[in-house]
K.L.:
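One structure coming up, written as structure tokens, with questions to follow.
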Amino acid sequence: MPAKSLEQVRNLCMRRGFVFPGSAAYGGVASFWDYGPLGVELLNNVKKAWWQDAVYARDDMDGLDAAVLMSRKVWQHSGHEATFNDPLVDNKKTKKRYRLDHLLEAQTHEVRAALYEATGSEDVVGLVHALMGQPGNAPMQLHSAQVIDPANGEQGDWTEPRQFNLMFQSHVGPVSAAQGTDEEKAARVYLRPETAQGIFMNFAHVQRSLARKVPFGIAQIGKAFRNEITPGNFIFRTREFEQMEIEFFIKPPQFVAEGEKNDEQWHEEWVQQRYRWWLRYATPPSAGNVEMEETESRFRKRAQAADELAHYAKATTDIEYLFPGALGWGEIEGVANRTDFDLSAHSKDVPEEDLKRLKLEVNKDSNEKFDYFDPDAKARYIPWVIEPSAGATRALLTFLCEAYHEELVKEPTKQEIDQIRSDAAMIRKNAEKKVKEARKDIEAGKEPKHQPDKVEAFLAQLEDVVARLPASLDEVLLALDHEGAQNLEPVKKFRPPTEKFMEDCTRTVLRLHPALAPIKLAVFPLKKNKPEIVELAKSIKQKFQKHFRTVYDDSAGIGRLYRRQDEIGTPYCITVDFESLEDGTVTVRERDTMAQERVAIDDLHDYLLPRLEL
Ligand code: ATP
């Protein structure tokens with residue numbers, strides 16, 4: 001079973017140094033995250049696995065690293081300055097701000113049905129369109145349909161929805177002019193909201209410098225920035241993130257010869273290649289057939305409906321992952337057939353019929369025409385493009401959720417389960433008393449010691465977990481971490497022995513693909529007060545650290561050291577013992593199966609390398 005909630009993954013990330021909140025000493029900035037020692041290794045490995053598949057494994061791909069800041073004209077002609085907007089709406093009562101489509105998606109079926117009826121639309125996309133298209137009417141329509149604020153479950157007092165541009169602005173050089181003046185506009189730059197435009201800008205450079213023939217593609221990994229209205233769900237939606245994008249340039253349909261792939265076939269090929277990549281790295285080599293099928297059931301390809309498509313896209317297939325908890329299915333990559341829109345948008349001298357077809361204005365700023373002479377077709381054309389666009393940081397979250405496992409390593413006895421039940425009953429009794437006291441305090445106008453709603457929410461969660469024991473054993477600690485459980489005395493008392501019991505019965509293991517694992521190998525001495533054993537263990541570590549991330553640890557007993565490495569996904573641990581000194585062999589222990597094998601130190605390299613799939 002993968003993670004049951006994003007909380008589990010988030011707790012592990014903070015506890016073990018994968019991801020930390022940014023600027024924490026100053027209370028943090030909304031939705032900016034720092035990648036810690038293990039997070040940066042994992043992120044680098046995700047990017048490496050992508051680059052390997054997108055660039056090295058193919059004959060028709062090259063890499064690129066374009067600047068983050070580009071001419072403002074790029075974003076004017078790409079359409080971002082005018083249309084890279086999200087619709088935003090505020091609740092005047094709670095002062096909460098929502099992306100209109102997200103707010104509508106969070107409503108009950110009945111509320112949405114009322115809005116569909118009132119506006120004549122059939123889905124959320126149409127609804128957003130209708131509400132934005134009737135200035136003045138939207139607040140009343142949202143009111144009549146009784147649109148709820150998800151923050152408090154009560155009907156909101158909604159403002160007129162308005163468009164909000166998602167690009168962060170900055171300026172090149174010292175500018176003191178006010179926003180919107182010619183001087184300000186001339187110096188304005190945007191932090192790129194996608195890496196793709198850097199690739200389009202370099203299409204001709206790459207094609208000419210490497211004498212590439214269409215079809216060929218360019219891959220790029222880099223930071224992107226979006227001033228998201230409602231970031232959240234841990235690192236799922238952030239304002240600074242990393243993308244892994246490909247622009248694959250192909251012949252326009254009219255030049256495709258017999259036996260060559262057309263745009264639809266190239267699109268399908270990329271959807272398949274990218275989907276296989278996600279599955280490959282979501283599945284550890286130890287997985288059997290049943291587990292592979294289960295993993296696959298959490299990934300899907302979803303073709304966007306006609307009204308979801310950007311106007312220039314002929315087709316887009318999203319690859320989605322079933323994230324745990326309320327988040328559910330979420331896009332992890334979009335593979336779009338963008339036709340000749342982008343290269344035409346940045347080109348001068350585009351024929352009028354093409355501008356009309358693509359709904360583009362004449363580009364008077366560009367001094368390039370991004371066309372290509374095709375020696376086979378003996379024709380000059382602006383290539384079409386297939387764009388697989390994935391989030392690197394979102395990929396990291398996906399792989400963590402899928403790899404996260406809490407396993408039973410020792411069957412708990414009936415008495416132990418009964419003990420948890422009776423402790424939970426004691427907590428309940430105490431908490432119910434506290435709820436009553438708090439309610440009385442509130443009535444009397446006094447500051448309550450506990451928040452009754454939160455305590456009740458905690459009790460509901462605890463009851464649900466206890467009712468499902470022993471299957472829900474891995475959720476007991478999570479329930480005790482509930483914000484409603486804070487400052488409840490029996491919870492404080494109950495937690496340490498439960499933690500100890502959980503450590504004996506269960507283990508947390510990140511079943512990451514070895515190529516993604518932040519640390520590949522950990523070496524332990526059986527006895528840290530035996531210098532010969534320590535020396536040998538350290539020499540093995542030194543031998544391998546040149547090739548991949550290897551650590552040495554002697555800070556606890558072997559059992560505990562194994563657990564610590566399991567929790568961060570280290571695929572192999574080596575223990576050096578007395579026998580090692582005599583016969584030159586060590587114990588190699590595999591993370592998922594916990595199987596142990598004696599391997600000669602001289603054979604370790606050949607043993608580990610293929611298993612790590614580097
Ligand atoms: P959404 O509709 O959810 O805002 P999008 O369709 O605009 O997303 P794309 O522009 O297609 O997203 O971006 C390509 C990929 O970049 C996404 O599949 C996702 O993996 C990643 N991505 C986009 N926005 C964010 C973000 N704010 N935080 C993290 N990753 C993101």
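All values below were derived from every heavy atom in this structure, side-chain atoms included, with hydrogens, water molecules and symmetry-related copies excluded. Note that the coordinates shown come from a computational prediction; the quantities given were computed from them, not determined experimentally. Order of appearance sets the numbers: ligands from 1, and atoms from 1 within every ligand.
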K.L.:
Kindly print each ligand 1 N/O atom paired with any protein N/O atom under 3.5 angstrom away, one pair per line, or none if nothing qualifies.
P.N.:
residue  : atom   : partner : partner atom : Å
ligand 1 : 3 (O)  : R237    : NH1          : 3.2
ligand 1 : 3 (O)  : R237    : NH2          : 2.8
ligand 1 : 4 (O)  : R99     : NH1          : 3.4
ligand 1 : 4 (O)  : R237    : NH1          : 2.9
ligand 1 : 6 (O)  : E331    : OE1          : 3.2
ligand 1 : 7 (O)  : R226    : NH1          : 3.1
ligand 1 : 10 (O) : R226    : NH1          : 3.2
ligand 1 : 10 (O) : R226    : NH2          : 2.9
ligand 1 : 11 (O) : E331    : OE2          : 3.3
ligand 1 : 16 (O) : Q243    : NE2          : 3.3
ligand 1 : 18 (O) : E331    : OE2          : 2.7
ligand 1 : 18 (O) : I332    : O            : 3.3
ligand 1 : 18 (O) : E333    : N            : 3.4
ligand 1 : 20 (O) : I332    : O            : 3.0
ligand 1 : 20 (O) : G391    : N            : 3.0
ligand 1 : 24 (N) : R226    : NH1          : 3.4
ligand 1 : 27 (N) : E228    : OE2          : 2.8
ligand 1 : 27 (N) : T238    : O            : 2.8
ligand 1 : 28 (N) : F236    : O            : 3.4
ligand 1 : 28 (N) : T238    : N            : 3.0

K.L.:
Answer yes or no: are there more than 12 heavy-atom neighbours, outside K93 itself, under 6.0 Å from its atom NZ?
P.N.:
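Buried by this count: over 12 neighbours within 6.0 Å.
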K.L.:
List for me each residue that meets salt bridge (Lys or Arg N to Asp or Glu O under 4.0 Å) alongside K48, sequence neighbours excluded, and say none if there are none.
P.N.:
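Testing K48 for salt bridge (Lys or Arg N to Asp or Glu O under 4.0 Å), a comparison that skips the adjacent residues, returns none.
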K.L.:
Kindly say whether the aromatic ring centers of W50 and Y281 come within a distance under 6.0 Å.
P.N.:
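When the ring centroids of W50 and Y281 are compared, they turn out to be at least 6.0 Å apart.
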K.L.:
Scan V19, L396, L516 and name whichever one has a side-chain contact (heavy atoms from CB on, under 4.5 Å) with L43.
P.N.:
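Single pass found, and it is L396.
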K.L.:
Could you list all the salt bridge (Lys or Arg N to Asp or Glu O under 4.0 Å) pairs where at least one residue sits in residues 322-339, not counting sequence neighbours?
P.N.:
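Sorted result for residues 322-339: R274-E333, R338-D342, R338-E387.
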K.L.:
Check ring-ring contact (aromatic ring centres under 6.0 Å, His included) between W278 and all other residues, then give those that pass, not counting sequence neighbours.
P.N.:
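For W278 the ring-ring contact (aromatic ring centres under 6.0 Å, His included) partners, ignoring immediate neighbours, are F399.
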